[in-house]
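For the single chain, residues carry numbers from 1 onward in sequence order.
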Amino acid sequence: MKIQLNDLEINIEKLSSTDEDSKAEGTIPVLFLHGFSGSSGDWKFLFDKLPKGFTPYAMDIVGHGKSSSPGEVSLYSSEAVTSQILGILDYLNFDQVFLAGYSMGGRAALSFAVNNPQRLKGLILESSTAGITDESERRERRSSDLRLADFIENNPIEAFVDYWMDVPLFATLKKLPEDVYRAVRESKMHNSKTGLANSLRGFSTGLMPGLWDRLQEINCRTLLITGELDKKFTRINIEMSRKIKPSDHEVIASAGHNIHLEKPEIFLNLLDGFLRGLQE
């Protein structure tokens with residue numbers, strides 16, 4: 001379904017046929033946020049696999065999937081995305097949710113968590129970061145993302161997808177079965193070039209406000225997940241776990257950056273255990 005938030009349409013995918021169904025069952029909503037160049041469809045594999053008592057929802061972040069891809073860059077900022085998530089929860093009348101985000105979606109979830117802690121029952125962060133603290137590294141990342149944004153706008157979407165799938169961070173995806181890898185690549189082709197480019201211009205890791213000094217404000221139970229082969233993000237999440245007091249950090253063997261895609265059964269087991277544990 002598409003939800004109108006001012007001039008934006010934000011697409012939400014859900015398991016139940018109507019919102020009333022999920023409320024009648026007394027279930028707790030779990031909202032999933034995808035990574036850069038992904039979509040809500042990335043999470044559909046788990047929609048019928050959550051523990052009883054939980055209903056999954058997945059959001060197309062602005063500029064992705066079936067959501068709007070506006071030309072105004074400010075609508076892609078960390079503050080704007082946080083506001084859009086809040087608008088979705090208010091529209092659906094969800095007082096509290098479990099929020100799960102992967103990579104860019106994890107940054108969005110983390111930004112939401114520090115600004116709206118009262119709206120969360122739990123937080124799941126996969127391969128995420130609280131931002132870049134070193135100013136020279138921030139400048140370098142901003143410049144890199146702005147160059148990529150220009151590349152996306154000035155070339156066919158296929159050229160971007162070929163480039164993105166060849167980034168070393170995603171090297172482990174090439175170990176996936178050929179049909180799975182091909183489906184992942186194909187799904188990225190359906191994104192808007194304007195949406196992807198402006199997402200980089202508005203929500204680059206080099207632009208988002210650093211959240212390291214605010215991690216202690218998170219008061220809900222938090223699960224951090226990284227892949228053993230993703231050394232950089234594992235180091236980052238070790239530090240994040242030290243600052244988020246009610247948290248656990250799971251490192252998944254033989255996995256890279258995208259654990260839910262590379263090791264879906266292990267990811268589901270972690271998710272199941274986390275949700276059930278907080279239900280007790």
Side-chain angles (χ1 to χ4, degrees), residues 11-15 30-51 54 56-61 63-67 100-107 109 124-129 148 151-152 155-193 195-196 199 223-234 236-237 249-275:
N11 184 60
I12 302 292
E13 300 292 338
K14 55 193 178 71
L15 178 63
V30 185
L31 178 62
F32 292 89
L33 305 175
H34 59 79
F36 177 67
S37 79
S39 72
S40 56
D42 297 349
W43 300 107
K44 285 190 175 180
F45 76 97
L46 53 67
F47 268 25
D48 61 348
K49 296 179 176 65
L50 294 192
F54 298 91
Y57 292 76
M59 171 181 171
D60 281 332
I61 297 174
H64 293 75
K66 298 176 183 176
S67 288
Y102 157 68
S103 199
M104 181 190 77
R107 291 192 287 115
I124 302 152
L125 303 173
E126 176 190 356
S127 301
S128 190
T129 177
L148 180 56
F151 174 83
I152 291 171
N155 290 277
I157 189 70
E158 292 85 357
F160 160 71
V161 174
D162 286 342
Y163 164 82
W164 193 245
M165 297 292 282
D166 211 33
V167 168
L169 185 64
F170 306 117
T172 49
L173 293 184
K174 295 181 179 179
K175 299 178 182 178
L176 293 170
E178 184 178 347
D179 60 328
V180 176
Y181 184 84
R182 188 165 55 246
V184 172
R185 184 181 185 280
E186 178 62 28
S187 69
K188 295 181 183 299
M189 298 284 193
H190 299 291
N191 282 312
S192 157
K193 292 202 302 178
L196 293 179
S199 184
L223 175 63
L224 307 171
I225 307 173
T226 57
E228 174 194 24
L229 304 179
D230 187 0
K231 305 295 186 184
K232 175 181 176 180
F233 279 84
T234 293
I236 290 170
N237 279 257
H249 178 205
E250 297 284 348
V251 181
I252 309 308
S254 303
H257 193 66
N258 192 326
I259 298 97
H260 70 267
L261 183 59
E262 298 176 42
K263 304 289 182 180
E265 291 185 3
I266 293 175
F267 183 85
L268 282 166
N269 285 338
L270 285 175
L271 186 61
D272 184 274
F274 180 72
L275 294 176

Identify whether the distance between the nearest side-chain nitrogen and carboxylate oxygen of Glu186 and Arg182 falls below 4.0 Å.
-> no

Salt bridge flag under 4.0 Å for residues Asp42 and Lys188 = no

Are any of the side-chain heavy atoms of [X] and [Y] separated by less than 4.5 Å?
X: Tyr163; Y: Asn155; value: no
X: Ile157; Y: Leu196; value: yes
X: Lys49; Y: Leu271; value: no
X: Glu228; Y: Thr234; value: no
X: Ser39; Y: His190; value: no
X: Pro56; Y: Trp43; value: no
X: Met59; Y: His34; value: no
X: Leu261; Y: Val180; value: yes

For [X] versus [Y], what's the shortest heavy-atom pair and its separation?
X: Leu125; Y: Ala109; result: CD2-CB, 4.0 Å
X: Ser37; Y: His64; result: N-NE2, 3.1 Å
X: Ser128; Y: Ser103; result: OG-O, 3.9 Å

Taking the inter-plane angle between the rings of Tyr102 and His260 on a 0 to 90° scale, is it parallel (under 30°), tilted (30 to 60°) or perpendicular (over 60°)?
-> perpendicular

Using the ring of each side chain (for Trp, its six-membered ring), is Phe36 parallel, tilted or perpendicular to Phe160, with breaks at 30° and 60°?
-> perpendicular

Check whether more than 12 heavy atoms from other residues, nucleotides or ligands sit under 6.0 Å from atom NZ of Lys193, and answer yes or no.
-> yes

Heavy-atom neighbours of Lys175 NZ exceed 12 at 6.0 Å | no

Using salt bridge (Lys or Arg N to Asp or Glu O under 4.0 Å) as the criterion, list what pairs up with Lys231, not counting sequence neighbours.
-> none

Report the C-alpha separation of Leu229 and His257 in whole Å, then their side-chain angles, then the decisive distance to 0.1 Å, and conclude whether the side chain to side chain contact (heavy atoms under 4.5 Å, CB included) test is met.
-> CA-CA 8 Å; Leu229 304 179; His257 193 66; over 6 Å; no

Nearest-0.5 Å distance that lies between atom [atom1] in [X] and atom [atom2] in [Y]:
X: Leu275; Y: Leu223; atom1: CG; atom2: CG; answer: 9.0 Å
X: Asn258; Y: Thr172; atom1: CG; atom2: OG1; answer: 8.0 Å
X: Leu224; Y: Ile236; atom1: CG; atom2: CD1; answer: 11.5 Å
X: Leu268; Y: Leu46; atom1: CG; atom2: CG; answer: 5.5 Å

Please lay out, stage by stage, how Trp164 and Leu148 fare under the test side chain to side chain contact (heavy atoms under 4.5 Å, CB included).
-> CA-CA 10 Å; Trp164 193 245; Leu148 180 56; 3.8 Å; yes

Donor-acceptor pair, distance only, cut-off 3.5 Å: does the side chain of [X] make one with the backbone of [Y]?
X: Glu126; Y: Ile259; value: yes
X: Asp60; Y: Ser40; value: yes
X: Asn237; Y: Ser127; value: no

Might you work through the side chain to side chain contact (heavy atoms under 4.5 Å, CB included) test for Phe267 and Ile225, ending with a clear yes or no?
-> CA-CA 9 Å; Phe267 183 85; Ile225 307 173; 3.8 Å; yes

Salt bridge (Lys or Arg N to Asp or Glu O under 4.0 Å): which pairs involve residues 261-275, sequence neighbours left out?
-> Asp272-Arg276

Evaluation steps, side chain to side chain contact (heavy atoms under 4.5 Å, CB included), between Met165 and Phe170 = CA-CA 6 Å; Met165 297 292 282; Phe170 306 117; 6.0 Å; no

Report yes or no: do His249 and Thr226 form a side-chain donor-acceptor pair below 3.5 Å?
-> yes

